[in-house]
Protein chains: 2
Amino acid sequence: MHKVKTVKTAVVIDDHPLVTRGIADFLKSHCGFSDVHAVCNTADFWHMMGENHPPAMIVLDFWLPDGAALPLLEQLKAKHESIPVLVMSADDNPAICSKARESGANGFIHKQESPEVFATAVNALLDNGNWFSNMPNHAIYDTSNKELPITLQELGLTARQGEVLGLILQGLPNKRIAQRLSLSEQTVKEHISGILERLKVRNRVEIITKLRGRKLVSN
Amino acid sequence: MHKVKTVKTAVVIDDHPLVTRGIADFLKSHCGFSDVHAVCNTADFWHMMGENHPPAMIVLDFWLPDGAALPLLEQLKAKHESIPVLVMSADDNPAICSKARESGANGFIHKQESPEVFATAVNALLDNGNWFSNMPNHAIYDTSNKELPITLQELGLTARQGEVLGLILQGLPNKRIAQRLSLSEQTVKEHISGILERLKVRNRVEIITKLRGRKLVSN
DNA sequence: ACATGCACCCTACCAAGGTTGGGTTCTACA
DNA sequence: TGTAGAACCCAACCTTGGTAGGGTGCATGT
């Protein structure tokens with residue numbers, strides 16, 4: 001039962017079972033794979049690799065828990081250099097694309113991509129090619145709205161305090177904030193005191209850390 | 001051609017076509033849906049709603065571009081109050097679960113959940129029930145590793161500077177950092193000066209804003 | 001007519017953050 | 001053996017951040 005040319009298998013690694021399933025089905029129905037293994041963590045992956053023939057390609061989710069994707073990728077490439085690996089991500093940070101490539105990935109694709117593009121990328125890798133979609137402006141467009149929005153009402157802040165808060169979150173010191181808003185530095189400080197009181201924190205650093213991962217919206 | 005009891009349809013809304021496809025297939029194969037529409041944006045959704053009978057349930061991704069999911073949900077609930085809506089998210093922030101509930105969702109589930117749990121949630125909603133998995137410690141476990149990891153080498157920092165940096169990113173003032181590391185406050189300041197020089201920023205606030213969205217890893 | 005709240009200004013004060021210039025010990029490396 | 005860098009300490013200094021206690025003008029609504 002040695003490796004047969006006509007048997008084209010793949011492995012999909014993603015911690016979202018439903019996603020894994022969808023991709024596996026797609027590879028079988030639209031990319032000519034005869035068998036696709038779906039695993040949800042690194043342990044299952046290595047176990048599976050030990051018990052089966054090497055697959056024709058591997059599809060790997062970047063956002064495995066504990067940042068396990070990159071170590072797995074490097075380890076994998078050290079052992080099975082020839083297997084093409086397509087890294088995918090629901091995220092939009094352009095840095096992770098280069099991260100993946102540095103770690104040995106043969107391709108990178110966003111999960112937002114259409115099935116057609118996905119199939120094209122898969123075929124490119126099967127032909128020993130690469131696939132690193134750069135999508136310059138698309139990435140910029142997406143990065144703006146990744147954080148959970150939070151409104152001024154929820155924070156109990158006035159409109160002016162909201163403006164100041166926005167600049168604080170950009171890391172500006174009081175002097176610059178005053179310039180931007182055409183205010184005296186003292187007035188800025190008073191607005192900040194109001195913000196500190198509302199958010200129940202001690203200083204601007206705690207404001208930032210408290211609101212990390214949140215996006216301030218005017219409305 | 002009025003609504004027939006035996007026809008159970010659903011709509012899946014997600015900006016990731018492959019994910020949408022996977023979930024749609026799963027609903028058909030494991031939850032007894034006869035037809036599942038898959039759409040990738042709000043425009044397609046409303047167009048589809050206008051041309052078909054109301055579905056038995058709707059599965060909605062929280063992270064639609066532009067934060068469109070919540071407005072869509074509210075609009076939808078205003079028009080079709082009776083259709084159960086299951087909101088899902090690949091994210092782990094517990095706040096978005098309550099956000100979804102406030103906007104009228106009948107259920108919330110993480111994409112990481114197993115297909116079995118997903119099916120259970122779907123059935124709960126079909127029986128006019130709710131499904132808001134609270135998962136207290138699971139959420140804590142997940143929230144820690146969402147950001148793109150960055151190593152000390154990349155930043156050109158020493159191990160000790162890395163420890164200090166970690167505490168800065170948590171929003172601690174110098175005094176507390178000194179206590180934590182059993183150092184004098186002066187020594188902490190010197191480490192910070194080194195960090196500032198390396199990262200080419202002026203103060204601790206710029207450190208935090210520069211590294212926002214990144215996770216510091218020791219190795 | 002009056003109070004309330006917001007935005008804005010000022011002076012003054014103190015705490016926290018960051019720099020500079022000293023110094024010690026240890027390890028690693030040529 | 002000497003030199004270089006990392007980690008620690010201290011004293012002194014200046015800048016920034018935040019508070020307190022004054023004040024004005026303007027829009028609210030009772």
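Order of the sequence lines sets the chain letters (A, B, ...), proteins ahead of strands, with each chain counted from 1.
Applying the 4.0 Å criterion to OP1 and OP2 of C:dT19, one finds that B:Ser193 has a side-chain N or O inside that range. Note on A:Arg160: a side-chain N or O is less than 4.0 Å away from OP1 or OP2 of C:dC8. At the phosphate of D:dT19, neither OP1 nor OP2 sits under 4.0 Å from any side-chain N or O atom of A:Lys189. Note on A:Ser184: a side-chain N or O is less than 4.0 Å away from OP1 or OP2 of C:dC10. Checking the phosphate oxygens (OP1, OP2) of C:dG5, no side-chain nitrogen or oxygen of A:Thr158 falls inside 4.0 Å. In terms of phosphate contacts, B:His191 brings a side-chain nitrogen or oxygen within less than 4.0 Å of OP1 or OP2 of D:dC8. An OP1 or OP2 oxygen of D:dG18 is reached within less than 4.0 angstrom by a side-chain nitrogen or oxygen of A:Arg204.
Note: CG (B:Leu172) to C1' (C:dA16) measures 14 Å, nearest angstrom. Taking atom CD of residue B:Glu197 and atom P of nucleotide D:dG5, one finds them 13 Å apart after rounding to whole Å. Summarising the geometry, the separation between NZ on B:Lys175 and P on C:dG18 is reported as 15 Å, rounded to the nearest angstrom. Rounded to whole Å, the distance from CG on B:Leu157 to C1' on D:dA7 is 15 Å. With rounding to whole Å, B:Leu196 atom CG is found 15 Å from C:dT20 atom C1'. Atom CD of B:Glu185 and atom C1' of D:dA12 are 15 Å apart (whole Å). Rounded to whole Å, atom C1' of D:dT15 lies 14 Å from atom CZ of A:Arg176. The distance from atom CG of A:Leu165 to atom P of C:dA7 is 13 Å, rounded to the nearest whole Å.
If B:Leu183 and A:Ile192 are placed on DNA chain D by their nearest nucleotide, the residue sitting closer to the 5' end is B:Leu183. Heavy-atom nearest nucleotides on DNA chain D were determined for B:Thr187 and for A:Asn174, and the one closer to the 5' end corresponds to B:Thr187.
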Task: Derivation and outcome, side-chain hydrogen bond (donor to acceptor under 3.5 Å, both in side chains), residues A:Asn174 and A:Arg204 - done: CA-CA 10 Å; A:Asn174 292 343; A:Arg204 72 206 292 112; 2.9 Å; yes
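Closest contact between the side chain of B:Gln186 and the listed nucleotides D:dA12, C:dA16, D:dC9 involves D:dA12.
With rounding to the nearest 0.5 angstrom, the NE2 atom of B:His191 is 14.0 Å from the NZ atom of B:Lys189. For the atom pair A:Glu185 CD and A:Ile192 CD1, the distance stands at 9.0 Å (nearest 0.5 Å).
In the interface, the side chain of B:Glu190 is paired with the base of D:dC10 through a donor and an acceptor atom under 3.5 Å apart.
Between the B:Lys77 side chain and the B:Leu72 main chain, no donor and acceptor come within less than 3.5 Å of each other.
Geometric assessment of A:Lys111 against the ring of A:Trp63 yields a negative cation-pi assignment under the 6.0 Å and 45° thresholds.
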